[in-house]
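Structure, as structure tokens:
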Number of protein chains: 2
Amino acid sequence: MQQNKIPQATAKRLPLYYRFLNNLNQQGKKRVSSKELSEAVKVDSATIRRDFSYFGALGKKGYGYNVEYLLGFFRSTLDHHEVTEVALIGAGNLGTAFLKYSFLKNNNIRISKAFDADERKVGSDIDGVPIYHIDDLSEQLDGIRVAILTVPSTEAEVITENLVKEGINGILNFTPARITVPNHVRVHHIDLAVELQALVYFLKHYPLDKE
Amino acid sequence: MQQNKIPQATAKRLPLYYRFLNNLNQQGKKRVSSKELSEAVKVDSATIRRDFSYFGALGKKGYGYNVEYLLGFFRSTLDHHEVTEVALIGAGNLGTAFLKYSFLKNNNIRISKAFDADERKVGSDIDGVPIYHIDDLSEQLDGIRVAILTVPSTEAEVITENLVKEGINGILNFTPARITVPNHVRVHHIDLAVELQALVYFLKHYPLDKE
DNA sequence: TAAAAGTCGTGATATTTTTCACAATTAATT
DNA sequence: AATTAATTGTGAAAAATATCACGACTTTTA
Ligand SMILES: NC(=O)c1ccc[n+]([C@@H]2O[C@H](COP(=O)([O-])OP(=O)(O)OC[C@H]3O[C@@H](n4cnc5c(N)ncnc54)[C@H](O)[C@@H]3O)[C@@H](O)[C@H]2O)c1
Ligand SMILES: NC(=O)c1ccc[n+]([C@@H]2O[C@H](COP(=O)([O-])OP(=O)(O)OC[C@H]3O[C@@H](n4cnc5c(N)ncnc54)[C@H](O)[C@@H]3O)[C@@H](O)[C@H]2O)c1
């Protein structure tokens, strides 16, 4: 669908641009240059211009970008007029933090259902999000295509199989397990322990001054 | 310090390799090939061999890698014999989840102190980690060089300044704010809302089958 | 109105990362 | 002992990403 010419690296930065444009818009700013944007999001200004250029000529030479126009453009590009429903699997420590956070305001994403195996949690809700039993995926998941996975890593593989069976095609996996999926399913890993360890590694092994 | 020849992309994968080698070792496995490892961590086997090769010839042709040897090697490379102490700033929803998680077992990282501005939290502890007042950074932080930032985004910039002043040189920033730091300080961003939105974007705009 | 300053869009170039593909070597098998 | 199968380490190529640098155009200033 659409031009899949857009590099992945660019696609990953789009939500970031979008959020900052939103901020600017709320501050009443009318125009912005790639240089200003660069300082705010810490991405080289040439990279920003290049990123934008994949979508056509969105700016004006000598002027910069019109915030409102750009925002409108991104809104439709990011499908931001419609809310994306997401399921959360595993309402534990991490899962609960997500349930309490509103992705709706800035991101038009709503965690609308949670699933867990713990009988004490099933039937309750967290900040208005109902928790269902994991065995009821089939009945309750209907239509939802994206899942956040915050279960113990030992459960990840089996649960993933079920999620895929029920039509999920996007998984944000916080589990350390590297899950296997058919190739119509997209998995993004966020491995917090790895991130932390990588940071520590960089601190110890890379020159301190100058990047 | 050390050969900073190692590409960043490689460095980021090291903790991942390390964890899987640990698993294998615990399962009693004596040898492993780049092909097996590849299937487990979902990284191309040539990439794995290349990554390892930056540290010298760690394997044996026709045999593969000796798990124990490789593990020992990574242990010292990742400084895994000593525990890295980390401070958590902002014991809210996300912060609490981290405090309840043990990074010690697999990663030799310990969140040893937490800081918050909420008087009701200060003085208590979460899973044994004491919560101090953010104003007491100076007295309490001593020696800690790495911080996890999980405060409201509006506070991020000011707090960062203080952290830097107190000698922090690595920050894992979960705030949507893009913080500004002197260039001897390293910041890694984990922007959960962006990750989620990027996943949704990929699902809608990239071909479903094949990659 | 003319000159100066600012800024985009992009060809060209540089850098980084990934992958291919194979000689060299080891282990396993017959 | 000889043959076959497995697997590394790496030169070379490819792919992806980032940056430079400048012509073209717009806005601002004088
Ligand atoms: N909390 C952190 O800071 C942190 C850090 C790094 C990685 N992780 C990873 O994130 C995942 C979640 O961590 P957590 O701290 O929230 O763990 P947790 O134990 O607090 O939560 C796990 C939740 O999953 C539920 N669960 C167990 N089996 C299930 C099943 N079969 N189906 C549905 N739900 C099931 C449990 O009832 C629990 O509510 C883990 O894989 C962990 O390794 C967490
Ligand atoms: N929870 C999530 O799922 C989620 C998702 C995406 C992004 N984030 C981001 O992570 C950050 C934390 O989120 P959260 O949900 O844990 O928020 P939270 O409000 O639950 O926690 C913030 C904590 O910071 C403390 N705090 C406030 N001001 C402080 C100060 N000056 N010094 C020290 N502590 C201070 C508060 O007392 C509170 O305990 C936010 O920036 C949020 O945008 C969270």
Side-chain angles (χ1 to χ4, degrees), chain A residues 3-14 16-17 21 24 29-71 73-74 189 198 201-202 205-207 210-211, chain B residues 3-14 16-17 21 24 29-70 73-74 178 183 189 198 202 205-207 210-211:
Chain A
Q3 348 92 285
N4 55 340
K5 305 285 168 48
I6 292 138
Q8 304 227 352
T10 296
K12 284 186 185 170
R13 284 187 291 264
L14 296 183
L16 186 60
Y17 297 146
L21 287 170
L24 290 178
K29 260 196 146 240
K30 291 294 172 215
R31 58 183 268 193
V32 65
S33 69
S34 61
K35 188 152 164 288
E36 282 176 275
L37 216 41
S38 167
E39 276 151 27
V41 301
K42 318 280 184 202
V43 171
D44 186 275
S45 68
T47 302
I48 293 178
R49 292 200 299 282
R50 174 79 64 198
D51 282 348
F52 288 1
S53 77
Y54 291 115
F55 299 97
L58 302 177
K60 245 190 205 166
K61 297 178 179 178
Y63 174 85
Y65 301 89
N66 179 297
V67 173
E68 212 162 329
Y69 174 77
L70 204 53
L71 199 54
F73 184 84
F74 276 110
H189 291 274
Y201 179 83
F202 276 108
H205 294 93
Y206 281 70
K210 239 198 126 269
E211 185 22 50
Chain B
Q3 347 94 283
N4 55 341
K5 304 287 169 47
I6 291 139
Q8 304 226 354
T10 296
K12 285 188 187 169
R13 284 188 291 264
L14 296 183
L16 186 60
Y17 296 146
L21 287 170
L24 290 177
K29 258 193 146 244
K30 290 294 171 216
R31 58 184 267 192
V32 65
S33 69
S34 61
K35 188 150 165 286
E36 282 175 276
L37 214 42
S38 169
E39 276 151 27
V41 300
K42 319 280 185 202
V43 171
D44 187 274
S45 66
T47 302
I48 293 177
R49 291 200 298 281
R50 174 79 62 196
D51 283 348
F52 288 2
S53 78
Y54 291 114
F55 299 97
L58 302 176
K60 248 191 203 166
K61 297 180 179 177
Y63 174 86
Y65 300 89
N66 178 297
V67 173
E68 211 160 331
Y69 175 76
L70 204 52
F73 185 83
F74 276 108
R178 251 50 185 176
N183 57 10
H189 290 276
F202 276 109
H205 297 272
Y206 281 71
K210 240 198 130 266
E211 172 35 45

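From a predicted model like this one, the values you see are computed outputs, not experimental measurements. Residue numbers start from 1 in every chain, and the chains themselves are labelled A, B, ... in the order their sequence lines are given, proteins ahead of strands.
Map A:A46 and A:Y63 each onto its nearest nucleotide of DNA chain C; the residue landing nearer the 5' end is A:Y63. Comparing A:G62 and A:V43 against DNA chain D, the residue whose closest nucleotide sits nearer the 5' end is A:V43.
Taking 4.0 angstrom as the limit, A:K35 places none of its side-chain polar atoms (N or O) nearer than this to OP1 or OP2 of C:dG6. Applying the 4.0 Å criterion to OP1 and OP2 of D:dT8, one finds that B:S34 has a side-chain N or O inside that range. OP1 and OP2 of C:dT26 both lie 4.0 Å or more from every side-chain N or O belonging to B:R31. At the phosphate of C:dT19, OP1 or OP2 sits under 4.0 Å from a side-chain N or O atom of B:T47. Remark: A:Y65 is not in phosphate contact with C:dG6, judged by side-chain N or O atoms under 4.0 Å from OP1 or OP2. Applying the 4.0 Å criterion to OP1 and OP2 of C:dA21, one finds that B:R49 has every side-chain N and O outside that range.
The line from CG of A:L24 to CG of A:L37 is 7.0 Å long, rounded to the nearest 0.5 Å. Rounded to the nearest 0.5 angstrom, B:I48 CD1 and B:E36 CD are separated by 10.5 Å.
Going from atom CZ of A:F73 over to atom C1' of C:dC8 covers 16 Å, rounded to whole Å. Atom-to-atom, CZ of B:F52 to C1' of C:dT17 comes out at 17 Å; the value is rounded to the nearest Å. The interatomic distance linking A:K61 (NZ) with D:dA24 (C1') rounds to 5 Å, in whole Å. The distance from atom CG of B:D44 to atom P of C:dT18 is 10 Å, rounded to the nearest whole Å. Put simply, CG on A:L58 is 14 Å from C1' on C:dT7, counting in whole angstrom units. Summarising the geometry, the separation between OH on A:Y69 and P on C:dC8 is reported as 15 Å, rounded to the nearest angstrom. The distance between atom CD of A:E36 and atom C1' of C:dG6, rounded to the nearest whole Å, is 11 Å. If you measure from atom CD of A:E39 to atom C1' of C:dT7, you get 14 Å, rounded to the nearest angstrom.
With hydrogens and angles ignored, no donor-acceptor pair closer than 3.5 Å exists between the side chain of B:R50 and the base of C:dT17.
A:Y65 and A:F52 have perpendicular rings, their planes meeting at more than 60° on a 0 to 90° scale where under 30° would count as parallel.
Remark: A:K29 NZ is packed, more than 12 non-hydrogen atoms of other residues, nucleotides or ligands lying under 6.0 Å away.
A heavy-atom distance below 4.5 Å is not found between the side chains of A:L21 and A:F73.
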